[in-house]
Number of protein chains: 2
Amino acid sequence: MADVAREAGVSVATVSKVVNGRYGVAQSTLDRVQQVIADLGYEASLGASSLRSHRTNVLGILVAEFEPFSTELLKGASSAITQTGYELLAYSGGARGADVGWERRYLSRLGGTLIDGAIIVTPTVVDASNGIPVVAVDPHTGPSGLPTVDSDNFAGAVMATQYLLALGHRRISLVGGRPDLESARLREAGFRSAMADAGLDVDESLVVIGGYRPETADQPARELLTRPDRPTAVFAANDLSAIRTIEVAREIGLRVPDDLSVVGFDNVPESALCDPPLTTINQPLRDIGAQALRLLVDLLQGTDTPTHVRLPTALVERASCRALV
Amino acid sequence: MADVAREAGVSVATVSKVVNGRYGVAQSTLDRVQQVIADLGYEASLGASSLRSHRTNVLGILVAEFEPFSTELLKGASSAITQTGYELLAYSGGARGADVGWERRYLSRLGGTLIDGAIIVTPTVVDASNGIPVVAVDPHTGPSGLPTVDSDNFAGAVMATQYLLALGHRRISLVGGRPDLESARLREAGFRSAMADAGLDVDESLVVIGGYRPETADQPARELLTRPDRPTAVFAANDLSAIRTIEVAREIGLRVPDDLSVVGFDNVPESALCDPPLTTINQPLRDIGAQALRLLVDLLQGTDTPTHVRLPTALVERASCRALV
DNA sequence: ATGAAAGCGCTAACAT
DNA sequence: ATGTTAGCGCTTTCAT
């Protein structure tokens, strides 16, 4: 900015005014400064300007890691932001393991200055925020003090289970998520509810913890499928563990869906890419991202907003299940 | 930080030293300050610290928009960053139309202070960078002064065309990209080369500009498919225009692949989700993102690095094409 | 081992 | 209409 000022023969304050469109600049000065800015390709440093002005016009979306789930949300947020005049900054640490409390860390790091508001994706600790407006997407402890967007995990799990039941399956296994997470609990509850409604007892030995990640789902799935009385169907609490279950089945020599039916949850794009394409429960991930962004913008504008948006889930039938004869 | 200092009874300078692990702090002081930091949940502001230290340990990935293509790269970069100790910041404006020069804008905005290095995705103007190391992914003007990662567009287009030829198609249409973009030119060149090798003349009226986006591909596809002498097959320069072509075909009453074969390019996840699943050319998008990140890290460490990495493309056969009898 | 003070690039009062 | 000055939250000499 000093360069621009020198080149244009004005003070940095004037350049700042030009950059920020403040009043009190003569037309001739304005033109000249803008010309210099264009020539030099100058652009104000986000770090510096935000430090001083506490307003950046940038919205943050904070995620633990860029994986299929969060990037779908990102696509939704990105499409929703076009009309708003804000820019979007997505931030993630290196996903170095169980870094509990990342959401707070990121929020403090970026919140005070760099971003005007934030969307936090699947946070585990959702406490009062850092001064800037925050909306939580799919928080792992259920709706909290924060405005929240999520989808109907319970209903989705019921649908998945009922689908398998309707296909004639009775020995149905649940490869669950992480018991500490609200979404995982709801999916398990939905599974149990549907089983109960069908008058079926849940064989507890068929209920295992998959942990939502391929690595953590591998071993439980393997044990399940190598049992002599293995299940005829698996409801996995998310797509990534469902996909790993299919891979494990193949390694063991089981064919999906002939020898084993598998239903996932999330409907990340990867679920359609696997072989066979995965039957799963759709979460409208992009919508969720878009809604979260709109909610955040409303919050920033002081508009009265709903504090909790819940979107519907739906069954997506592909090719990983078959009817029992 | 002032709060922490007051609470711990030390100066901000000392707190800074603790936060940054500098030497010259007594063990007792260290413990006390760290305790206060933990209690208060303090975290240094990225904006402020970077402003002063010009080192942030954050790498940027700058994209015009978060769409399927760039988010795949993001996944790759995210997985590659785990081992490096860097954090990842992805930035996008609002994709407000033809904002030429966004890459320079973003780079200036973030480069001086906030990020130590950047990956720029499909930039159109690739000039000397802003002082920080930059690697370009799939630049639209071809390999330039910048270290670059891309994939073999020409070979991919040849494969796609040969595939359609092998199925017996002769009236093959090209729904091209944007003529100003290198990747689009290479894909067109590959198409023409394969046609020529097969001893076929290209019917120039079947070569249209699709512009890489659904909206821009719609009209050209419509005109193509409503002609009395419509093509029997379409090679679309990217998946998004291929998918739109399929949608247009359906609207018109044509069945894919029965009445029309379609091949895309990119293999974004969405290509497997469409109906029918799209046969396309795979770009190893995640690999590209991961390689770009590694290249950038090497650059930052001053390691000698290749200046251009080109990854192979491959045909992914799904269900959008059929053999002509 | 600790703190005082300067300054990173910018914006916002407040002069002029 | 323009410039001067102070200071955003932090890091870094440089004294002490």
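Residue numbering restarts at 1 for every chain, and letters A, B, ... go by the order of the sequence lines.
Summary of the strand contacts: B:Lys17 and B:Tyr42 both lie near DNA chain D, and taking for each the nucleotide with the nearest heavy atom, the more 5' one is attributed to B:Tyr42. Mapped onto DNA chain C by nearest heavy atom, A:Ser50 and B:Leu30 fall at different nucleotides, with B:Leu30 at the one closer to the 5' end. Nearest-nucleotide positions on DNA chain C for B:Thr113 and B:Val10 put B:Val10 closer to the 5' end.
When rounded to the nearest whole Å, the span between CZ of A:Arg109 and P of D:dC10 equals 11 Å. Residue B:Leu114 contributes atom CG, which lies 13 Å from atom P of C:dG9 at whole-angstrom precision. Spacing between atom OH of A:Tyr23 and atom P of C:dA13 amounts to 17 Å, rounded to whole angstrom units. What separates CG of A:Leu110 from C1' of D:dG9 is a distance of 14 Å, to the nearest Å. Here the P atom of nucleotide D:dC10 and the CZ atom of B:Arg6 are 13 Å apart, to the nearest Å. The distance from atom CG of A:Leu51 to atom P of C:dC10 is 11 Å, rounded to the nearest whole Å. One can place CG of A:Asp3 at 14 Å from C1' of C:dC10, the figure rounded to the nearest angstrom. Rounding to whole angstrom units, NE2 of residue A:His54 and P of D:dG7 are separated by 14 Å.
Remark: B:Arg22 is not in phosphate contact with D:dT11, judged by side-chain N or O atoms under 4.0 Å from OP1 or OP2. Contact annotation: B:Thr14 side-chain N/O to C:dG3 OP1/OP2 distance is under 4.0 Å. Residue B:Ser16 places at least one side-chain N or O closer than 4.0 Å to OP1 or OP2 of D:dT11. Between B:Arg52 and D:dG9 there is no side-chain N or O to OP1 or OP2 distance below 4.0 Å.
Contacts of A:Ala13 with the nucleic acid, taken as non-hydrogen atoms under 4.0 Å apart, include base atoms. Across all strands, A:Ser11 comes closer than 4.0 Å to base atoms (heavy-atom distances). Nucleic acid contact class of A:Ala26 (heavy atoms, under 4.0 Å, all strands): sugar-phosphate only. Within the nucleic acid shown, B:Ser53 comes within 4.0 Å of sugar-phosphate atoms alone, with no base atom in reach, counting heavy atoms only.
For the pair A:Glu103 (side chain) and A:Thr124 (backbone), a donor-acceptor distance under 3.5 Å is present. With A:Asn57 contributing its side chain and A:Glu87 its backbone, the two residues share no donor-acceptor pair below 3.5 Å. Side-chain atoms of B:Ser16 never come within 3.5 Å of backbone atoms of B:Val12 as a donor-acceptor pair (strictly under, hydrogens ignored). Looking only at distances, no side-chain donor or acceptor of A:Arg286 sits under 3.5 Å from a matching main-chain atom of A:Lys75.
The side chain of B:Val12 lies closest to D:dT11, out of D:dG9, D:dT11, D:dA6. Listed candidates were C:dG9, D:dG9, D:dG7. Nearest to the side chain of B:Ala48 is D:dG9. When distances run from any side-chain atom of B:Asn20 to the nucleotides C:dA12, D:dT11, C:dT11, the shortest one goes to D:dT11.
The pair B:Arg213-B:Glu65 meets the salt-bridge criterion, with a side-chain N (NZ, NE, NH1 or NH2) lying under 4.0 Å from an Asp/Glu carboxylate O.
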Criterion side-chain contact (heavy atoms from CB on, under 4.5 Å) on B:Val149 and B:Ile119, from CA distance to verdict: CA-CA 10 Å; B:Val149 182; B:Ile119 296 171; over 6 Å; no
